[in-house]
**Q** 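Pasting in a structure now, in structure tokens, and then I'll have a few things to ask.
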Amino acid sequence: MGILNVTPDSFSDGGRYTDVDAAVEHGMALHRAGADIVDIGGESTRPGAERVDAATEAARVVPVITGLAAAGVPMSIDTTRAAVAEAAIAAGATTINDVSGGLADPAMAAVARDAGCPWILMHWRGHSRDMNQLAVYQDVVAEVRAELLQRVDDAIAGGVAPRQIIIDPGLGFAKNAEHNWELTRHLDVFIDLGFPVLFAASRKTYLGRLLADAGGNPRPVDEREAATLATSVLAVAAGAWGVRVHDVRGTADALAVWRASGAPRLAPEK
Ligand code: PMM
């Protein structure tokens with residue numbers, strides 16, 4: 001999954017693709033580079049981000065989706081709002097990527113049900129402005145698993161078919177670095193739930209912290225790619241269905257090496 005944020009303020013590609021033509025061109029490039037799906041976002045979810053209104057969000061994404069649909073590029077819509085998802089699907093998106101797992105907007109389940117499309121349910125505890133305070137767990141793996149299963153149950157109760165559901169542990173969303181590593185170590189717990197698992201670590205803050213310099217300054221966002229590639233290979237080797245990344249070409253290359261190597265799937269620590 002290639003990332004295309006049509007926002008002025010996303011942490012990695014914010015501000016780069018606010019022009020429709022540039023965004024469509026980049027989406028096509030991501031697809032050519034090997035993205036099976038391009039994830040279009042019109043609202044930044046970086047920690048602390050303020051929200052935009054639904055009309056602004058839809059106005060950012062719909063022209064880009066229309067352009068990419070005409071070019072035959074498969075797309076997901078990265079939104080927590082049912083109205084934006086509905087407009088995006090009408091314009092040609094074929095998957096809903098909801099970082100709130102249906103919690104932010106109770107109308108999302110009906111949109112997913114009526115569209116019959118895949119719905120990515122990410123683990124989430126609250127909007128970006130507040131999420132750092134919500135990063136409190138006794139047992140992060142068990143709690144994220146239980147809370148995700150609740151999202152799945154609610155989706156199914158809302159009429160969504162189990163085959164539509166993809167789950168995502170939500171790295172960095174109400175999680176600190178240690179929580180992210182713990183979830184990475186136990187990805188098998190999520191894979192064992194039987195739904196496809198999306199892993200989305202690309203260039204996130206915890207990788208910057210891991211690679212901090214001697215003075216403790218985090219590695220800048222655009223210098224976290226090698227670490228991102230390592231996380232993607234490890235996640236796919238552990239059985240993840242997909243990885244959501246900024247550098248699609250690099251990811252495709254790294255996964256080609258992993259595949260050609262014939263390396264076995266990683267066995268979880270039991
Ligand atoms: N992270 C971001 C945005 N959308 N969607 C899913 N399913 N999982 C994620 O972890 C996720 C997401 C934030 O990163 P970005 O600013 O690079 O888009």
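First listed ligand is number 1; within each ligand, the first listed atom is number 1. Values reported hereafter were calculated over all heavy atoms of this structure, with side chains retained and with hydrogens, waters and symmetry mates removed.
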**Q** Please work out, at 4.0 Å between heavy atoms, whether the side chain, the backbone, both, or neither of Arg244 comes within that distance of ligand 1.
**A**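 Near ligand 1, Arg244 shows its side chain, while the N, CA, C and O stay back.
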
**Q** Between His123 and Phe173, is the ring centre distance below 6.0 Å?
**A**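 Centroid distance His123-Phe173: not below 6.0 Å, so no.
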
**Q** Hey, mind stepping through Thr184 and Phe199 against side chain to side chain contact (heavy atoms under 4.5 Å, CB included) and telling me if it holds?
**A** CA-CA 9 Å; Thr184 303; Phe199 186 84; 3.8 Å; yes

**Q** Let me see the working for Met1 and Asp36 under side chain to side chain contact (heavy atoms under 4.5 Å, CB included), right down to the final yes or no.
**A** CA-CA 6 Å; Met1 173 184 281; Asp36 296 311; over 6 Å; no

**Q** Tell me, do Arg51 and Arg81 make a side-chain contact under 4.5 Å, heavy atoms counted?
**A**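 A side-chain contact exists here, since the closest heavy-atom pair is under 4.5 Å.
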
**Q** Glu143 vs Lys175, test: salt bridge (Lys or Arg N to Asp or Glu O under 4.0 Å). Steps then yes/no.
**A** CA-CA 12 Å; Glu143 287 168 57; Lys175 283 141 203 121; over 6 Å; no

**Q** Are Lys204 and ligand 1 in contact, using a heavy-atom cut-off of under 4.0 Å?
**A**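 Yes, Lys204 has a heavy atom closer than 4.0 Å to ligand 1.
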
**Q** Tell me whether Arg249 at atom CZ has more than 12 heavy atoms from other residues, nucleotides or ligands lying less than 6.0 Å away.
**A**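 No, because the 6.0 Å sphere around CZ of Arg249 holds 12 heavy atoms or fewer from other groups.
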
**Q** Can a side-chain donor-acceptor contact be found between Asp98 and Ser100 if the only test is distance below 3.5 angstrom?
**A**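 Yes, side-chain donor-acceptor contact under 3.5 Å.
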
**Q** Among Glu43, Met122, Met1, His246, whose heavy atom sits nearest atom 17 (O) of ligand 1?
**A**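 Nearest option to atom 17 (O) of ligand 1, by heavy atoms: His246.
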
**Q** Could you tell me whether some N/O pair between Asn97 and ligand 1 is separated by less than 3.5 angstrom?
**A**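 In this structure, Asn97 places an N or O atom under 3.5 Å from an N or O of ligand 1.
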
**Q** If you measure every N/O of Ser202 against every N/O of ligand 1, is any gap under 3.5 Å?
**A**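 Checking ligand 1 against Ser202, no N or O pair falls under 3.5 Å apart.
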
**Q** With heavy atoms of Ala200 as the reference, note each atom of ligand 1 found under 4.0 Å away.
**A**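 By the 4.0 Å cutoff, the relevant atoms are 8 (N), 9 (C), 10 (O).
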
**Q** Under a 4.0 angstrom heavy-atom cut-off, which atoms of ligand 1 come close to Asn5?
**A**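 Those qualifying, in numeric order: 15 (P), 16 (O), 17 (O), 18 (O).
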
**Q** Within a distance under 4.0 Å of any heavy atom of Leu198, pick out the atoms of ligand 1 and give their elements.
**A**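 In order of number, 7 (N).
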
**Q** Select the closest option to atom 13 (C) of ligand 1 among Val99, Asp78, Thr45, Val245, judged by heavy-atom distance.
**A**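 Looking at heavy atoms only, Thr45 sits closest to atom 13 (C) of ligand 1.
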
